[in-house]
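Here the structure is laid out as structure tokens; the discussion comes afterwards.
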Protein chains: 2
Amino acid sequence: MGSDVSISKKISESAIRRLSLYLRNLENLEKGGRETVSSEEMSGQSGTTAAQVRKDLSLFGSFGKRGLGYPVSELAERIRGILGLDRRWRLALIGVGRIGSALVEYGGFGRRGYDIVAIFDSDESKVGGTRGGLTVRHVDDFEVVAEEENVQIVILSIPLEAVPSVMDRVRGAGVRGILSFAPTKLKVPDGVVVKDVNMVMELEALSFALSQREGEA
Amino acid sequence: MGSDVSISKKISESAIRRLSLYLRNLENLEKGGRETVSSEEMSGQSGTTAAQVRKDLSLFGSFGKRGLGYPVSELAERIRGILGLDRRWRLALIGVGRIGSALVEYGGFGRRGYDIVAIFDSDESKVGGTRGGLTVRHVDDFEVVAEEENVQIVILSIPLEAVPSVMDRVRGAGVRGILSFAPTKLKVPDGVVVKDVNMVMELEALSFALSQREGEA
DNA sequence: AGGTGTGAACACTTTCACAGCA
DNA sequence: TGCTGTGAAAGTGTTCACACCT
């Protein structure tokens, strides 16, 4: 039955991350005018194996042609569909510190379907200022504005001590997705999805690996 | 010779990430003056299970006391040792754009043992300027300076198109660890460890999860 | 009693290897 | 022939359950 749409299997986190990587590589190939690509070549660009690429793609359907490979543009389009990038998302950013400001001013999110529609801070001296063309609002107004602006995803770039109070507001607003830069495991109700970006954790994984290596040979 | 040092078992990436999280939670407990903590409580703060916590810790030794739990300060100290945080690391940052500047100016790395000792860019108009008290050097000087300054880890906050030329220099300098914000899989020689921080990938994993949910119920 | 440390069972992910289609 | 799609095998990571120590 052509139930192409709703996926019943459980898709792993890592498979999704790889899809995201494949997509970026496909988009580069597309720019170069390439028509088809093999799982072998895709694996080289993604640091994985050809079998892994085929398995990942086969979770969502049969996109390739045997003997030929995958059609570049079509596959890219399919992956965009899978990742929910065939639509636009409305984001709010809370915490206009160094990282928060850098993110708003970066402006590259829009190109990938993510529109930052409102930004917030609790610091009165920042409220009313602008970043990347948006006016900083007070975080006390978050629930109202989030509703008005139909915010679906929140980017949290706030320090540890701000987490409890800010999270009360975020939960109150019924936001379903959070991209968190806060250095802690957020507590959220069922149904809310959190992804963490944690530089310190990555650095620590790095120093662990380097320390290990020193011990050897 | 307590064979405490070199670990023979294979330690998973995820176990290390959890250790990093445990450490942060332990340091918070320490501030609150807590003496001991159970795997049960640690699991609550880390979003995992008590068994997982015990397994993770047991990979490196027996730090707890049956019937009592783990001594907070001592365990924190042990984890710091495991993660290679009982020493200082010398970092260089390449790419003083928005993200790069935010990272240097953040200044919080020093507190955790990571000293940024030099910063680089290829943009002549930025070279000679300062960020967080450091003078921006030209990336052409990277190899020389990295040697002089004994750089062990590089933070790469550069755009895609700069990757090939910058990576030539980084490889040439014999750096062993890279924390990359570049939106691609870096190609490095054996023995060089790379950790990626990729916000777009996390956002895409988020929109995938949210899209899935919409299909349901 | 209370809570760790850990082998054994289970669950999930990746790799292999090959049938089958263009 | 060339390369996909996929069951089956191998490998990894997580959970269970309980012996054992304080």
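Quick caveat: nothing in here was measured; it's all calculated off a predicted structure. No hydrogens, no waters, no symmetry mates; every other heavy atom, side chains included, goes into these values. Convention: sequence-line order gives letters A, B, ...; per-chain numbering from 1.
The main-chain N or O of B:P189 is never found under 3.5 Å from a side-chain atom of B:R171 such that the two would form a donor-acceptor pair.
The environment of CD in B:E35 is sparse: at most 12 heavy-atom neighbours from other residues, nucleotides or ligands sit within 6.0 Å. Heavy-atom neighbours of A:R111 CZ from other residues, nucleotides or ligands within 6.0 Å: at or below the threshold of 12. In this structure, B:E147 places its CD atom where only 12 or fewer heavy-atom neighbours from other residues, nucleotides or ligands lie under 6.0 Å away.
B:Q52 has its CD atom 19 Å from the P atom of C:dA9, to the nearest Å. Taking atom CG on B:L59 and atom C1' on C:dT4, their separation rounds to 14 Å, with Å as the unit. Rounded to a whole Å, the CG atom of B:L68 is 9 Å from the P atom of C:dG3. The interatomic distance linking B:F60 (CZ) with C:dT6 (C1') rounds to 16 Å, in whole Å. Rounded to an integer number of Å, the gap from A:K55 NZ to C:dC12 P is 15 Å.
The phosphate of C:dA22 has neither OP1 nor OP2 within less than 4.0 Å of any side-chain N or O from A:Y70.
For B:K65 against C:dG2, no side-chain N or O and base N or O form a donor-acceptor pair under 3.5 Å.
Residue contacts shown for A:S39 are limited to sugar-phosphate atoms, with no base heavy atom under 4.0 Å away.
In terms of position along DNA chain C, the nucleotide closest to B:G69 lies nearer the 5' end than the nucleotide closest to the other residue of the pair A:T49 and B:G69. Between A:R54 and A:R66, the residue whose closest nucleotide on DNA chain C is further toward the 5' end is A:R54.
Residues A:E30 and A:A76 share a closest heavy-atom pair of OE1-CB, 4.1 Å.
A 4.0 Å heavy-atom criterion places the boundary nucleotides of DNA chain D facing chain B at D:dG13 to D:dT22, written 5' to 3'.
With hydrogens and angles left out, the side-chain atoms of A:S14 and A:R18 include no donor and acceptor closer than 3.5 Å.
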